[in-house]
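The structure presented is a predicted model; accordingly, all values stated were derived computationally and were not measured. As a basis for the values below, the full set of heavy atoms in this structure was taken, side chains included, without hydrogen atoms, waters or symmetry mates. We count residues from 1, following the sequence as given.
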Amino acid sequence: QVQLVESGGGLVQAGGSLRLSCAASGRTFSTYTMGWFRQAPGKEREFVAAITWSGFSTYYADSVKGRFTISRDNTKNTVYLQMNSLKPEDTAVYYCAADTSSFLQSIVRSTTETDFGPWGQGTQVTVSS
């Protein structure tokens with residue numbers, strides 16, 4: 001079973017940058033697609049980005065495309081989310097999760113929240129205007 005711990009959140013001004021990390025335990029981390037989701041106050045959790053096990057294929061929500069970059073280091077069992085040009089509307093709790101049905105798949109098969117799990121505890125990102 002994969003266990004996930006997010007870190008790197010904080011308070012940043014609009015236009016600034018943050019890098020989130022998600023550290024995973026478990027030997028099977030490197031075989032799964034990993035995703036980042038976020039949940040703003042009063043809103044449902046939404047997809048942000050995903051990356052396949054190899055790192056060769058990624059997929060982004062339109063709202064973050066060109067500003068955020070997802071990456072992974074399987075030697076460190078860690079997935080990252082580099083967030084640039086942050087906007088106040090990016091304020092949310094950010095979660096990482098594993099798609100444990102995506103064993104060695106070469107493309108991101110799903111961006112649906114219910115296809116991902118387990119989940120980390122989340123890290124708060126606040127962007128001030």
Side-chain angles (χ1 to χ4, degrees):
Q1 180 77 346
V2 176
Q3 292 183 318
L4 306 170
V5 178
E6 301 95 335
S7 62
L11 174 64
V12 64
Q13 288 188 331
S17 298
L18 282 174
R19 189 175 84 153
L20 305 183
S21 299
C22 173
S25 63
R27 294 181 296 171
T28 54
F29 165 83
S30 62
T31 64
Y32 297 145
T33 291
M34 296 296 297
W36 284 98
F37 290 73
R38 66 186 181 186
Q39 187 168 22
K43 295 187 177 181
E44 294 186 350
R45 190 151 53 185
E46 65 175 4
F47 170 79
V48 175
I51 186 167
T52 55
W53 70 276
S54 64
F56 290 156
S57 181
T58 58
Y59 193 83
Y60 296 92
D62 287 343
S63 59
V64 306
K65 202 173 294 182
R67 299 188 298 122
F68 290 11
T69 302
I70 189 171
S71 61
R72 67 191 298 163
D73 185 342
N74 288 341
T75 66
K76 297 181 179 180
N77 271 17
T78 302
V79 62
Y80 304 98
L81 186 68
Q82 177 66 44
M83 306 186 296
N84 298 329
S85 301
L86 283 161
K87 305 175 181 180
E89 51 264 43
D90 294 319
T91 295
V93 178
Y94 283 72
Y95 300 88
C96 67
D99 179 357
T100 55
S101 296
S102 65
F103 181 74
L104 298 181
Q105 290 199 351
S106 60
I107 60 171
V108 174
R109 75 174 189 102
S110 173
T111 61
T112 303
E113 177 185 358
T114 53
D115 286 332
F116 283 78
W119 295 82
Q121 84 290 347
T123 186
Q124 176 70 47
V125 171
T126 303
V127 184
S128 63
S129 57

If we ignore hydrogens and angles and just use 3.5 Å, is the side chain of [X] paired with the main-chain N or O of [Y] as donor and acceptor?
{"X": "Gln3", "Y": "Ser25", "result": "no"}
{"X": "Gln39", "Y": "Lys43", "result": "yes"}
{"X": "Thr78", "Y": "Lys76", "result": "yes"}
{"X": "Thr126", "Y": "Leu11", "result": "no"}
{"X": "Trp53", "Y": "Leu104", "result": "yes"}
{"X": "Arg72", "Y": "Thr52", "result": "yes"}
{"X": "Thr112", "Y": "Thr114", "result": "no"}
{"X": "Glu6", "Y": "Gln121", "result": "yes"}

Hydrophobic clustering (ILVMFWY, side-chain heavy atoms < 4.5 Å, transitive) - are [Y] and [X] grouped together?
{"X": "Tyr94", "Y": "Tyr60", "result": "yes"}
{"X": "Val108", "Y": "Ile51", "result": "no"}
{"X": "Val127", "Y": "Val93", "result": "no"}

State, to 0.1 Å, how close [X] and [Y] come at their nearest heavy-atom pair, and which atoms those are.
{"X": "Phe68", "Y": "Val48", "answer": "CD2-CG1, 3.8 Å"}
{"X": "Leu4", "Y": "Ala24", "answer": "CD2-CB, 3.5 Å"}
{"X": "Phe116", "Y": "Ser110", "answer": "CE1-O, 3.3 Å"}
{"X": "Met83", "Y": "Leu20", "answer": "CE-CG, 3.8 Å"}
{"X": "Ala97", "Y": "Gly117", "answer": "CB-N, 4.2 Å"}
{"X": "Leu18", "Y": "Gly8", "answer": "CD2-O, 3.8 Å"}

Stepwise, does the side-chain hydrogen bond (donor to acceptor under 3.5 Å, both in side chains) test hold for Ser30 with Asn74? CA-CA 5 Å; Ser30 62; Asn74 288 341; 5.0 Å; no

Strictly by side chain to side chain donor-acceptor pair (under 3.5 Å), give each pair with a member in residues 7-18 just once, sequence neighbours left out.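 Counting only pairs at least two positions apart or across chains, the side chain to side chain donor-acceptor pair (under 3.5 Å) contacts touching residues 7-18 are Ser17-Asn84.
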
Using side-chain heavy atoms (C-beta onward) and a distance below 4.5 Å, is [X] in contact with [Y]?
{"X": "Ser71", "Y": "Thr58", "result": "no"}
{"X": "Cys22", "Y": "Trp36", "result": "yes"}
{"X": "Ile70", "Y": "Gln82", "result": "no"}
{"X": "Glu113", "Y": "Glu44", "result": "no"}
{"X": "Phe29", "Y": "Met34", "result": "yes"}
{"X": "Thr69", "Y": "Tyr80", "result": "no"}

Within 45° of the six-membered ring axis of Trp119 and under 6.0 Å from that ring's centre, is NZ or CZ of Arg45 located there?
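Pair Arg45/Trp119 counts as cation-pi.
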
Please test Tyr95 against Phe37 for ring-ring contact (aromatic ring centres under 6.0 Å, His included), starting from the C-alpha separation and ending with a verdict.
CA-CA 5 Å; Tyr95 300 88; Phe37 290 73; 8.8 Å; no

Problem - Pairs meeting criterion salt bridge (Lys or Arg N to Asp or Glu O under 4.0 Å) with involvement of residues 28-41, two or more places apart - result: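 Non-adjacent pairs meeting salt bridge (Lys or Arg N to Asp or Glu O under 4.0 Å): Arg38-Glu46, Arg38-Asp90.
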
**OP:** Begin with the C-alpha distance, continue with both residues' side-chain angles, and end with the deciding distance and a verdict on side-chain contact (heavy atoms from CB on, under 4.5 Å) for Asp99 and Tyr32.
**Re:** CA-CA 6 Å; Asp99 179 357; Tyr32 297 145; 5.7 Å; no

